[in-house]
Amino acid sequence: MSAPTPPPAASSAAVVTAAAGHHVPREEEVLTPGALEFLAELHRRFAPRRAELLALRAERRAEIARTATLDFRPETAHIRADDSWRVAPAPAALDDRRVEITGPTDRKMTINALNSGARIWLADFEDASAPTWENVIGGQVNLIDAYERRIDFTSPEGKTYALGPAETLATVVMRPRGWHLDERHLTVDGEQMPGGLVDFGLYFFHNAQRLIDLGKGPYFYLPKTESYLEARLWNEVFVFAQDRLGIPQGTVRATVLIETITAAYEMDEILYELRDHASGLNAGRWDYLFSIVKNFRDGGARFVLPDRNAVTMTAPFMRAYTELLVRTCHKRGAHAVGGMAAFIPSRRDAEVNRVAFEKVKADKDREAADGFDGSWVAHPDLVPIAQASFDAVLGERPHQKDRLREDVHVTAAELIDIASLDARPTYEGLRNAVQVGIRYIEAWLRGTGAVAIFNLMEDAATAEISRSQIWQWTNTGVVFDNGEKATPELVRRVAADEIAAIRAETGEEAYAAGKWTEAYDLLLQTALDAEYVDFLTLPAYRQLAD
């Protein structure tokens, strides 16, 4: 079905491609005159408020720096206390979410994710996708082609990929970029558009009616939300977009990632603001820890996190957060979606797989027992493991929202009780942060956002927590288990050793063809500069080649 034709509006001449002469395949199919009109309207209506909300983030962060604490908002206590309100009932396509697979929207991944056997595919324009112009436009093309069933892929080795029967395909929930990111290739009235509005706008314009015709709808994951006011802005975007294109109100559904520490104190309010369009909440991990470090980076030793792999979802402060999420969601009739199983199976080592699969099973068993309605995996081989865990609890039921978890009582202090975790930073943890940080950033700068590193699928959140922990450890003078103190000099030595090892591992020709020097410099810059940069992807985007 062709995209809807909107009524006349602001001139599309106001939207220009910033990189003159830089075009990618099939760009004209996505940047149609009608789509550009729609983007211009979104920008003019909502970009000013977005700018105000980003300023409010900075104000709140300054308040945390002053008080070293967080609390539930007193001005919204009436929303939390009101037991009467619920989010809109889930549409049929989102009622059963027991397994969700995540990944970028390249052509091969689009086919594999839809065929994976998972109920949901998080089609990612955010952390698993480096925002090159080719990725931004190509992802939109691939989703349109998938809905039109004209997508296929042949690998360089000659292996072919095609969609399975329609009734077996995962339902797509698309994740646009967060509010903080701009899109340099599209400007309106001389201003770069917010990347999230670009991703949302193009996807909604081209696919909202297509999806309705398929018995589904335009469904979204909202990343990096820091307050209920940011959720309110998204709700206003949804209301306008549906009216503008003649889509019935309430067709949009949004699942919000609770992956910032501030949002953890506003889960009720976030659902309330989106209640006519809300689908659920998801429990993040790496971004959540990154947010804790970012907000409490000058809070002293009691906020120092140990190695990232030591902070599992069973850590007391993480368990407080996840149990509160389940209780909040089920009280409001929303889905509670668990965290990521990031393991990438080895094709050579069966023992590595056996141990990892046992850990994945234990993690998913715990989530299902805690009341979650579903969970994330990064690889199709993990879908059956996660499904078995939730099948054992759910049976034929689509979810377990009837488990209200009224036994859960979480205080404001428990959510930031980092010191209760019996683990400390180690030298090996520093080394791993440097290793993974450099390797991920190098791939990102080449345009790849989902990267297999040491048998784990890593995305931008990995680089954020890695460089943030290095920053925190050096600024608080952590002494590692081997007796060495975290200093910039130590970090530079470890990084120099790692870049030398990578050079030997890849060979001179491959090393020279990569972005290793840029990745090395960027990691050290964002991990060691006196002024902490809010998001690594902001300076990285300036270096992204496209």
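Expressed to the nearest 0.5 Å, how far CG of Leu281 lies from CD of Glu259 amounts to 11.5 Å. Taken from CD in Glu464 to CD in Gln469, the straight-line distance is 12.0 Å, to the nearest 0.5 Å. Atom NZ of Lys361 sits about 13.0 Å away from atom CZ of Arg366, to the nearest 0.5 Å. Atom CD1 of Ile418 is separated from atom CZ of Phe296 by 8.0 Å, given to the nearest 0.5 angstrom. Separation of atoms OG1 (Thr255) and CG (Leu94) is listed at 6.5 Å; rounding is to 0.5 Å. Here CD1 of Ile151 is found 7.5 Å from CG of Leu143. Values are rounded to the nearest 0.5 Å.
Between the side chains of Asn295 and Ser291, at least one donor N or O lies within less than 3.5 Å of an accepting N or O. A side-chain N or O of His330 and one of Asp373 form a donor-acceptor pair less than 3.5 Å apart. No side-chain donor from either of Asn353 and Ser346 sits under 3.5 Å from a side-chain acceptor of the other. A donor-acceptor pair shorter than 3.5 Å can be found between the side chains of Arg97 and Ser279. When only modelled atom types and interatomic distance are considered, Thr426 and Asp307 share a side-chain donor-acceptor pair under 3.5 Å. Side-chain contact, Asn432 with Glu428: no donor N or O sits under 3.5 Å from an acceptor N or O. A donor atom on one side chain and an acceptor atom on the other are not found under 3.5 Å apart for Thr328 and Arg332. In summary, the side chains of Thr225 and Glu230 do not present any donor paired with an acceptor at a separation below 3.5 Å, with no hydrogens or angles considered. Side-chain N/O atoms of Gln400 and His335 include no donor and acceptor closer than 3.5 Å. Residues His277 and Asn235 have side chains that bring a donor and an acceptor to within less than 3.5 angstrom of each other.
Note: Tyr228 and Tyr272 fail the aromatic proximity criterion, with ring centroids not under 6.0 Å apart. Not less than 6.0 angstrom separates the ring centroid of Trp286 from the ring centroid of Phe290. Aromatic rings of Phe372 and Phe390 (six-membered ring for Trp) have centroids beyond the 6.0 Å cut-off, not under it. The six-membered or imidazole ring of Phe204 lies away from that of Phe238, with a centre-to-centre distance of 6.0 Å or more. Aromatic pair Trp234/Phe46: centroids not less than 6.0 angstrom apart.
Here the shortest heavy-atom pairing between Ala118 and Val383 reads N-CG1, 3.8 Å. Taking both residues in full, the closest heavy atoms of Leu271 and Cys329 are given as CD1-CA, 4.3 Å, listed atom of the first, atom of the second, then distance. Contact detail for Ala443 and Val451: the closest heavy-atom pair is CB-CG2, 3.5 Å. Scanning all heavy atoms of the two residues, the minimum distance from Lys364 to Ser375 falls at NZ-OG, 2.6 Å. The heavy-atom pair separating Ala130 from Gly447 by the smallest distance is CB-C, 3.6 Å. Between Ile465 and Val293, the shortest heavy-atom distance links the atoms CD1-CG2, 4.3 Å.
The residues Glu406 and Lys331 are annotated as not salt-bridged, no charged nitrogen and carboxylate oxygen being separated by less than 4.0 angstrom. Checked for salt-bridge contact, Asp381 and Arg347 meet the test: a charged N lies under 4.0 Å from a carboxylate O. Salt bridge status for Arg107 with Asp152: absent, with no side-chain N to carboxylate O gap under 4.0 Å. Electrostatic pairing of Arg73 and Glu269 does not count as a salt bridge here, judged by no charged N lying under 4.0 Å from a carboxylate O. Salt-bridge annotation for Arg327 and Glu323: absent, with no side-chain N of the basic residue lying under 4.0 Å from a carboxylate O of the acidic one. Salt-bridge formation is not detected for the pair Glu367/Arg319: no Lys NZ or Arg NE/NH1/NH2 atom is positioned less than 4.0 Å from an Asp or Glu carboxylate oxygen. The pair Glu236-Arg232 does not count as a salt bridge, with every side-chain nitrogen at least 4.0 angstrom from each carboxylate oxygen. The existence of a salt bridge linking Asp96 and Arg119 is confirmed by a sub-4.0 Å separation between a basic side-chain nitrogen and an acidic carboxylate oxygen. One finds no salt bridge joining Arg403 and Asp370 here, because no Lys/Arg side-chain nitrogen approaches an Asp/Glu carboxylate oxygen to under 4.0 Å. Between Glu126 and Arg177 there is no salt bridge, since no side-chain nitrogen of the basic residue lies less than 4.0 Å from a carboxylate oxygen of the acidic one.
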Exercise for review: Check the pair Tyr203, Val172 against side-chain contact (heavy atoms from CB on, under 4.5 Å), reporting the backbone distance first and the verdict last.
Suggested key: CA-CA 12 Å; Tyr203 182 75; Val172 173; 3.7 Å; yes

Point to revise | Worked verdict on Asp287 versus Lys224 for salt bridge (charged side-chain N to carboxylate O under 4.0 Å, His left out) | key: CA-CA 8 Å; Asp287 263 321; Lys224 306 290 191 293; 2.9 Å; yes

Review point. Run the salt bridge (charged side-chain N to carboxylate O under 4.0 Å, His left out) check on Arg210 and Glu148 step by step: do they pass?
Key: CA-CA 8 Å; Arg210 277 192 178 101; Glu148 294 287 321; 2.6 Å; yes

Review point. Hey, mind stepping through Asp145 and Arg150 against salt bridge (charged side-chain N to carboxylate O under 4.0 Å, His left out) and telling me if it holds?
Key: CA-CA 5 Å; Asp145 283 355; Arg150 59 184 185 222; 2.7 Å; yes

Practice item. Give the C-alpha distance, both sets of side-chain angles, the deciding distance and a yes or no for side-chain hydrogen bond (donor to acceptor under 3.5 Å, both in side chains) between Ser389 and Asp365. Key: CA-CA 5 Å; Ser389 294; Asp365 285 350; 2.7 Å; yes

Exercise for review: Would you please test Asp534 and Arg57 for salt bridge (charged side-chain N to carboxylate O under 4.0 Å, His left out) and show each step?
Suggested key: CA-CA 10 Å; Asp534 280 346; Arg57 285 185 179 184; over 6 Å; no

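At most 12 non-hydrogen atoms from other residues, nucleotides or ligands lie less than 6.0 angstrom from CZ of Arg431. For Asp82, the CG atom is densely surrounded, since the number of other residues' heavy atoms within 6.0 Å is greater than 12. At most 12 heavy atoms of other shown residues, nucleotides or ligands fall within 6.0 angstrom of atom CD in Glu134. The environment of CD in Glu396 is sparse: at most 12 heavy-atom neighbours from other residues, nucleotides or ligands sit within 6.0 Å.
Ring-plane geometry between Trp376 and Tyr221 is classed as perpendicular, the angle between the planes exceeding 60 degrees on a 0 to 90 degree scale with a lower cut at 30. Ring pair Phe205/Phe38 is tilted by interplanar angle, where 30° to 60° counts as tilted. Ring planes of Phe220 and Phe200: tilted class, angle from 30 to 60°.
Formation of a donor-acceptor pair under 3.5 Å by the Asp417 side chain with backbone atoms of Phe317 is not found in this model. Thr76 contributes no side-chain N or O that, together with a main-chain N or O of Ile79, makes up a donor-acceptor pair within less than 3.5 Å. When atom types are taken as modelled, the side chain of Asp124 and the backbone of Thr102 share no donor-acceptor pair closer than 3.5 angstrom. Looking at Thr154, its side chain never comes within 3.5 Å of a backbone N or O of Gly158 through a donor-acceptor pair.
Within the 4.5 Å cutoff, side-chain heavy atoms of Leu274 are placed close to those of Leu222. Val377 is not listed as a side-chain neighbour of Met340, based on a closest heavy-atom distance of 4.5 Å or more. No side-chain heavy atom of Asn282 sits less than 4.5 Å from a side-chain heavy atom of Ile258.
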